[in-house]
Number of protein chains: 4
Amino acid sequence: MDKQEIILTTALRLFVQNGFHATPTSKIAKEAGVANGTLFHYYKTKEDLIVSLYLYIKSKMGAYIEEHVKPDTDAKTYFKGQFKAVLEWSMENRDEFYYTQLFTNSPFAALLSPEEVKKSLKKSCDQIQEAIDAGVIKARDVDFIYTIMGSHIFGLYTYLIKNNFSKAKQQQVIQESLDMLWGMLA
Amino acid sequence: MDKQEIILTTALRLFVQNGFHATPTSKIAKEAGVANGTLFHYYKTKEDLIVSLYLYIKSKMGAYIEEHVKPDTDAKTYFKGQFKAVLEWSMENRDEFYYTQLFTNSPFAALLSPEEVKKSLKKSCDQIQEAIDAGVIKARDVDFIYTIMGSHIFGLYTYLIKNNFSKAKQQQVIQESLDMLWGMLA
Amino acid sequence: MDKQEIILTTALRLFVQNGFHATPTSKIAKEAGVANGTLFHYYKTKEDLIVSLYLYIKSKMGAYIEEHVKPDTDAKTYFKGQFKAVLEWSMENRDEFYYTQLFTNSPFAALLSPEEVKKSLKKSCDQIQEAIDAGVIKARDVDFIYTIMGSHIFGLYTYLIKNNFSKAKQQQVIQESLDMLWGMLA
Amino acid sequence: MDKQEIILTTALRLFVQNGFHATPTSKIAKEAGVANGTLFHYYKTKEDLIVSLYLYIKSKMGAYIEEHVKPDTDAKTYFKGQFKAVLEWSMENRDEFYYTQLFTNSPFAALLSPEEVKKSLKKSCDQIQEAIDAGVIKARDVDFIYTIMGSHIFGLYTYLIKNNFSKAKQQQVIQESLDMLWGMLA
DNA sequence: TATGAATGAGCGTTCATTCAT
DNA sequence: CATGAATGAACGCTCATTCAT
């Protein structure tokens, strides 16, 4: 792992543990084992680091989903597959997922280039629209579905984190919860 | 409104607008029209102010619900009434609701006395348990239901804020969303 | 002397001794016997301190001149009187004068509000214009006269500082130099 | 132009534009199109660069004067010729001239080896002494004449820079100013 | 000769908090 | 009760300089 990646990893851990404000760049640098200036060599500002870390995580999550969801299936299977993949990734990469929430609900989210945001949102919304068109979920405002699903995932995530279930139990809760959500959407 | 209340109101507005970190106590004092020291006369620390503000809001919300929900009804009506009341209050007091989210997802939440938390949680959980016992909602882990409902409300709130709907349209969305949630839980 | 004035006085000494860059605000504060934050309580930024110090000195110099030059004299006497007063003040307040040069030739000069600059310049230029109209000095571009005189004063100042003359000798040099300048302008 | 000279040229431009403090070596290197370390390969420190640049400019100015002033003339013509040559060079190489002023009035001037200073000063002073001996200028302290002349040139330079005159008008102002100075000295 | 990643001391500035009035 | 001047630790960030390649 090169220094840049060590910095990202360390920043992730500390931001998740203590929040943005309570994590001085000096602490990140020290725990990453690099000089303070090195951090600023790679990231112009603390904000830059925060945003870069978000994009880094997003790209890793995107790669995971791409890899784990079979595209050549019927709309319903595909949609459910995506949902499960996101949850699985979130459970296997808890800090990463929590960070995306931290980031999204912070003022730093506003620093993302609008195109970046649009692009990312567009993809998700298109999938929802396809599912609606295929008649596998209710015809509702896409943004509404998107928002509700997002908060569901977060709620489920929160619940799973709070209760340290076994892998099996965890899978069961996810499946149940998925069925419930599906009952609501379909 | 006495100085103490002006401070709370001003703090609420600024915290919601800019977050905890980006809101210096000096700014709160200035915008509240009191001296810097006055704020610390009423609240020993910034943390104290933040927590006090949370409890102040919670008490106001509790009063609203108490006032707007008729207790002598069947379990289902009562349960749904509560849910609606919370949403109504949230939409009418957006800053206040947003603040409770801000607070809950911040490290400051840990400063609440555990008894306080327990008590507040207990009440909600008991209601859910009653609904389960009365057979009006599915038999699931109470904490699961509680968490899912909470995030649902937050998702709905987020959606409503994002889209500045008319009062009527808003009511419609709430009702629809409520039905969906009910379809999921019942 | 209140803290604000102590800060100004200390800043003056250090800026003159070491220049703007080589004088950290922390050093000013320490040598002024106040906390670091106190400096920023009175002056929002280091730049603010630098500009404020300039205006403070300018006002003191203006007061001195006002006090020492008799206004009800013929144009020539009045004009010469001003020149002498500036030089006298400069010799008696060497750090102050040097600071005005330091400031004027620094990028910080650009921070002065244009009106402030105009006003200050206007006064000097009007006097030169009057002298020209009265026929006591050559008819040249006012700005030219102003600039040449300014650099003359600075040259003379530099020379006097370099050679630590007695008060009497100093007066003589000033008088001689004044005569030379007059020979040039008249 | 080799890398060393590119560095010098770039440094000159940036120092003149922004001052010593506001010009990081990294910026010089970047704008010069060389690596950060390369600058320090040629100049041990930033100070070294600053001083070297000064000497480089001085040597170029010396060469110009040597080339443009005929030595075999009477004292007065020679003296005036020198004066004009300096002014001409200054107007044609504004950045270079401004840099010499920047440097001379900075703490870095103290880094010049005293012999270097003496030597350079000696030459100028000798010429003034010769002019005095030849009776073409007033018998005054050589240092006094030197200082006054220097500030006169700087004042004239400042005036010419401020007003962006045509070449012809500029020549006229120089001539006039020269006459005035001469009237004062002779 | 040339590079540029890495360093870390030091800067300007912020802000929660105290306390004499 | 109320003030606001004063504090100083801690922060984000800069930049001259080094050194392995």
Side-chain angles (χ1 to χ4, degrees), chain A residues 2-4 6-7 20-30 32-50, chain B residues 2-4 6-7 20-30 32-50, chain C residues 2-4 6-7 20-30 32-50, chain D residues 2-4 6-7 20-30 32-50:
Chain A
D2 62 359
K3 300 214 173 194
Q4 193 166 178
I6 296 180
I7 291 171
F20 293 122
H21 166 50
T23 306
T25 54
S26 59
K27 196 174 183 185
I28 298 172
K30 193 190 283 179
V34 302
N36 213 312
T38 304
L39 191 156
F40 288 94
H41 178 69
Y42 288 109
Y43 304 98
K44 253 180 137 47
T45 62
K46 189 182 185 181
E47 281 188 355
D48 187 18
L49 169 64
I50 289 172
Chain B
D2 61 359
K3 300 211 172 193
Q4 194 166 180
I6 295 180
I7 291 172
F20 293 122
H21 165 50
T23 306
T25 53
S26 59
K27 195 175 184 183
I28 297 172
K30 192 191 282 178
V34 302
N36 214 316
T38 305
L39 191 154
F40 287 91
H41 179 71
Y42 287 109
Y43 304 97
K44 239 179 139 50
T45 64
K46 190 183 186 180
E47 281 187 354
D48 186 17
L49 169 64
I50 290 172
Chain C
D2 62 0
K3 301 213 172 194
Q4 194 166 177
I6 295 180
I7 291 171
F20 292 122
H21 167 50
T23 306
T25 54
S26 58
K27 195 174 183 185
I28 298 173
K30 191 188 284 179
V34 302
N36 212 314
T38 304
L39 191 155
F40 287 93
H41 178 69
Y42 288 108
Y43 305 98
K44 253 179 138 46
T45 62
K46 189 182 185 181
E47 280 188 355
D48 186 18
L49 169 64
I50 289 172
Chain D
D2 62 359
K3 301 212 173 193
Q4 194 165 180
I6 295 180
I7 292 172
F20 293 121
H21 165 50
T23 306
T25 54
S26 59
K27 195 175 184 185
I28 298 173
K30 191 191 284 179
V34 303
N36 214 317
T38 305
L39 191 154
F40 286 91
H41 179 70
Y42 288 110
Y43 304 98
K44 241 178 139 49
T45 63
K46 189 182 187 181
E47 283 187 354
D48 185 16
L49 169 63
I50 289 172

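Everything numeric here is computed off the predicted structure, so don't read it as measured data. Quick note on labels: first sequence line is chain A, next is B, and so on, each numbered from 1.
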Dot-bracket for DNA chain E, please. Rules: Watson-Crick or G-U, both distances under 3.5 Å, ( ) within the strand, [ ] when a pair crosses earlier ones, | for another strand, . otherwise. .||||||||||||||||||||

Would you tell me if any nitrogen or oxygen in the side chain of [X] comes within less than 4.0 Å of OP1 or OP2 on [N]?
{"X": "B:T25", "N": "E:dA16", "answer": "yes"}
{"X": "A:T38", "N": "E:dT7", "answer": "yes"}
{"X": "B:K3", "N": "F:dT3", "answer": "yes"}
{"X": "B:H41", "N": "F:dA2", "answer": "no"}

[X] [atom1] to [N] [atom2]: how many Å, rounded?
{"X": "B:K30", "N": "E:dA16", "atom1": "NZ", "atom2": "P", "value": "13 Å"}
{"X": "B:I28", "N": "E:dC15", "atom1": "CD1", "atom2": "P", "value": "11 Å"}
{"X": "B:Y43", "N": "F:dA2", "atom1": "OH", "atom2": "C1'", "value": "15 Å"}

Starting at the 5' end of DNA chain F, which residue's closest nucleotide do you reach first, A:T45 or D:P24?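 By nearest-heavy-atom nucleotide position, the 5'-most residue is A:T45.
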
Spacing of [X] atom [atom1] and [Y] atom [atom2] [to the nearest 0.5 Å]:
{"X": "B:Q4", "Y": "B:L39", "atom1": "CD", "atom2": "CG", "value": "10.0 Å"}
{"X": "A:D2", "Y": "A:I7", "atom1": "CG", "atom2": "CD1", "value": "8.5 Å"}
{"X": "D:L49", "Y": "D:T25", "atom1": "CG", "atom2": "OG1", "value": "8.5 Å"}
{"X": "A:F40", "Y": "A:D48", "atom1": "CZ", "atom2": "CG", "value": "10.0 Å"}

Dump the pairs, protein N or O against N or O of nucleotides 19-21 of chain F, anything under 3.5 Å, distances to one decimal.
none

Starting at the 5' end of DNA chain E and moving along, which residue's nearest nucleotide shows up first, A:L39 or C:N36?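 Looking at DNA chain E, the more 5' nearest nucleotide goes with A:L39.
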
Note: for D:Y42 and C:H21 on DNA chain E, the residue whose nearest nucleotide lies more 5' is D:Y42

Measuring from the side chain of A:V34 (C-beta onward, heavy atoms only), which nucleotide among F:dG12, E:dT17, E:dT7 has the closest atom?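 The nucleotide sitting nearest to the side chain is E:dT7.
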
Could you tell me whether a side-chain N or O of B:K46 sits under 3.5 Å from a main-chain N or O of B:F20, the two making a donor and an acceptor?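 Checked: pair present.
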
